[in-house]
Amino acid sequence: MSTDKTPGESGDEPTGAESEEALWELRDGAWVTRLIPLLRLAVKGWFRSEVKGMANVPDGGALLVSNHSGGLLAMDVPVIAVEFFDHFGSERPLYVLAHDMLFIGQGKQLFARAGFVPANRHNADQLLRSGGVTIVFPGGDYDVFRPSTSANRIDFNGRTGYVRTALEAGVPIVPVVSIGGHEAQIFLSRGEDLAKLLRLDKLMRTKLAPLSFGFPFGLSLQFPPNLPMPTKIETRVLDPIDIVTEFGPDPDIAEVDRVVRDRMQSTLDEMARARRFPVLG
């Protein structure tokens with residue numbers, strides 16, 4: 001799972017440690033090239049992924065904004081990363097804004113080599129201004145653990161920091177919409193009350209204790225994780241949104257966010273209507 005948070009939200013300013021080391025410089029293109037065939041085997045073989053519209057990603061810096069599905073083993077990043085690599089080649093890197101917990105211990109080197117960086121305003125701004133293509137999941141863990149009854153709903157939980165991030169860096173927002181990933185198992189609850197009871201916000205920096213049902217463990221609080229069903233994942237990359245051109249030099253952040261989500265929701269509704277069966281696609 002990529003437990004991403006949105007750069008630009010309150011409490012999200014870079015710390016001294018985050019600013020001292022530019023983790024994106026640790027990305028290893030040769031290592032990513034070796035990793036892609038393994039990811040392709042998973043996303044094309046098990047999940048039968050299809051991605052349309054990657055050519056909509058413009059030259060230069062761009063902020064890809066996507067919904068997030070699949071719980072602890074969300075496949076959004078591998079699906080998009082493989083298609084991005086196949087379309088643009090190894091010379092154009094894709095960076096992922098991710099939660100700080102991924103960079104604990106050995107995870108720091110492992111994820112940094114693959115292009116993951118901590119999701120804070122400083123990192124996002126530096127990457128985008130330098131011409132980097134960066135993907136963020138504004139809904140983060142709130143989105144990725146949504147109940148299955150809301151599987152086809154775009155929900156960023158009120159987070160709009162991604163709009164400010166793109167606006168300040170002077171790059172377009174490129175909406176990305178996926179369907180199918182949330183059919184990998186049955187998600188019952190985000191478990192917010194249980195998380196409060198267990199004080200997980202203090203222990204693990206999360207307000208959720210999600211409950212799901214799947215194979216082979218049945219009911220699960222994500223540990224150990226159930227295996228994902230071979231659900232077909234379909235993804236669309238939409239037309240880029242130039243904020244200043246479309247909304248003016250002093251845009252209403254909430255209005256931009258509403259338009260982004262409306263366009264994503266309209267596409268997701270269309271994809272849901274075309275989907276014949278759960279899991280099978």
Side-chain angles (χ1 to χ4, degrees), residues 1-4 38-54 64-84 96 98-99 135-157 175-192 194 206 208-238 261-281:
M1 181 192 67
S2 179
T3 50
D4 307 81
L38 297 177
L39 297 180
R40 185 182 293 111
L41 182 63
V43 301
K44 298 295 185 182
W46 189 253
F47 295 101
R48 297 163 289 138
S49 68
E50 292 183 2
V51 181
K52 297 179 180 179
M54 190 58 73
L64 276 57
V65 176
S66 179
N67 59 329
H68 205 16
S69 303
L72 192 64
L73 300 177
M75 297 303 296
D76 303 299
V77 170
V79 167
I80 295 168
V82 168
E83 186 67 20
F84 189 92
V96 182
H99 197 285
I135 186 166
V136 67
F137 302 87
D141 53 2
Y142 185 86
D143 193 19
V144 83
F145 289 120
R146 67 191 182 279
S148 292
T149 51
S150 300
N152 295 330
R153 180 186 175 195
I154 301 296
D155 189 351
F156 292 166
N157 194 28
V176 178
V177 181
S178 293
I179 192 171
H182 225 57
E183 298 168 6
Q185 55 186 294
I186 299 173
F187 296 91
L188 302 173
S189 169
R190 293 186 178 96
E192 288 136 310
L194 179 58
T206 179
L208 309 178
L211 179 65
S212 64
F213 183 86
F215 176 83
F217 303 109
L219 288 175
S220 171
L221 285 172
Q222 304 307 307
F223 293 100
N226 282 307
L227 297 176
M229 291 186 287
T231 179
K232 182 176 179 60
I233 298 177
E234 299 171 88
T235 302
R236 290 190 192 177
V237 182
L238 308 187
R261 288 184 292 103
D262 283 353
R263 292 181 187 177
M264 294 177 69
Q265 187 64 63
S266 178
T267 300
L268 184 55
D269 291 343
E270 179 185 334
M271 296 170 75
R273 288 192 295 268
R275 197 169 177 85
R276 293 168 297 176
F277 302 103
V279 180
L280 298 179

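Quick caveat, the model's predicted, so the values are computed rather than measured.
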Enumerate donor-acceptor pairs with a distance under 3.5 Å from any side-chain N or O in residues 70-79 to protein atoms, sequence neighbours excluded.
unit_1	atom_1	unit_2	atom_2	d
D76	OD2	H68	ND1	2.7
D76	OD2	S69	N	2.8

Give every donor-acceptor pair under 3.5 Å between a side-chain atom in residues 274-281 and any protein atom, sequence neighbours left out.
unit_1	atom_1	unit_2	atom_2	d
R275	NE	E183	OE1	3.3
R275	NE	E183	OE2	3.1
R275	NH1	K232	O	3.1
R275	NH1	E234	OE2	2.9
R275	NH2	E183	OE1	3.0
R275	NH2	T231	OG1	3.3
R275	NH2	K232	O	2.6

Assess whether side chain to side chain contact (heavy atoms under 4.5 Å, CB included) is satisfied between T235 and E83, documenting all intermediate values. CA-CA 10 Å; T235 302; E83 186 67 20; over 6 Å; no
Show your reasoning for whether side chain to side chain contact (heavy atoms under 4.5 Å, CB included) applies to M229 and F215.
CA-CA 8 Å; M229 291 186 287; F215 176 83; over 6 Å; no
Self-check item: Steps toward side chain to side chain contact (heavy atoms under 4.5 Å, CB included) verdict (L268, I179)
Solution: CA-CA 7 Å; L268 184 55; I179 192 171; 3.9 Å; yes
For a side chain to side chain contact (heavy atoms under 4.5 Å, CB included) check, start with the C-alpha distance between L238 and V176, then their side-chain angles and the critical distance, and finish with the verdict.
CA-CA 6 Å; L238 308 187; V176 178; over 6 Å; no
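The distance from atom CG of L41 to atom CZ of F47, rounded to the nearest 0.5 Å, is 11.5 Å. Taking CD from Q265 and CD1 from I154, the interatomic distance works out to 5.5 Å, rounded to the nearest 0.5 Å.
A heavy-atom distance below 4.5 Å is found between the side chains of V136 and V65. Within the 4.5 Å cutoff, the side chain of R263 has no heavy atoms near those of the T267 side chain.
With sequence neighbours left out, the salt bridge (charged side-chain N to carboxylate O under 4.0 Å, His left out) criterion links E192 to no other residue. Applying the side-chain hydrogen bond (donor to acceptor under 3.5 Å, both in side chains) rule to N67 yields no partners; only residues at least two apart in sequence or on another chain are considered. The side-chain hydrogen bond (donor to acceptor under 3.5 Å, both in side chains) search around D155 returns none, not counting sequence neighbours. Scanning for ring-ring contact (aromatic ring centres under 6.0 Å, His included) contacts around F187 gives H182, with sequence neighbours left out. Qualifying ring-ring contact (aromatic ring centres under 6.0 Å, His included) partners for F84, counting only residues two or more places apart in sequence or in other chains: F88. For A209, the side-chain contact (heavy atoms from CB on, under 4.5 Å) criterion is met by L194, A195, L200, not counting sequence neighbours. In terms of the side-chain hydrogen bond (donor to acceptor under 3.5 Å, both in side chains) criterion, residue partners of D262 (sequence neighbours excluded) are, by chain and number, R258. The side-chain contact (heavy atoms from CB on, under 4.5 Å) check on R40 picks up I36, P37, K44, V82, F85, D86, with sequence neighbours excluded. Remark: E270 pairs with R236, R273 by the side-chain contact (heavy atoms from CB on, under 4.5 Å) rule, at least two apart or across chains.
The backbone N or O of I186 sits nowhere less than 3.5 Å from a side-chain atom of S148 that would complete a donor-acceptor pair. Judged purely by atom type and a 3.5 angstrom limit, R190 has no side-chain atom pairing as donor or acceptor with the backbone of P147.
Contact between G180 and I233 at its shortest, heavy atoms only, is C-CG1, 4.2 Å. Nearest heavy-atom pair, L219 versus F213, reported as atom, atom and distance to 0.1 Å: N-CD1, 3.6 Å. Nearest approach of D141 to L208, heavy atoms of both residues: O-CD1, 3.4 Å. For P138 against S66, the heavy-atom pair with the smallest separation is CD-O, 3.6 Å. Closest of all the heavy-atom pairs between D143 and R153 is OD1-O, 4.4 Å. Taking all atoms of both residues into account, the shortest heavy-atom contact from Q185 to G214 is CB-CA, 4.4 Å.
The side chain to side chain donor-acceptor pair (under 3.5 Å) pairs that include a residue from residues 213-229 are S212-Q222, where partners are two or more places apart or lie in different chains.
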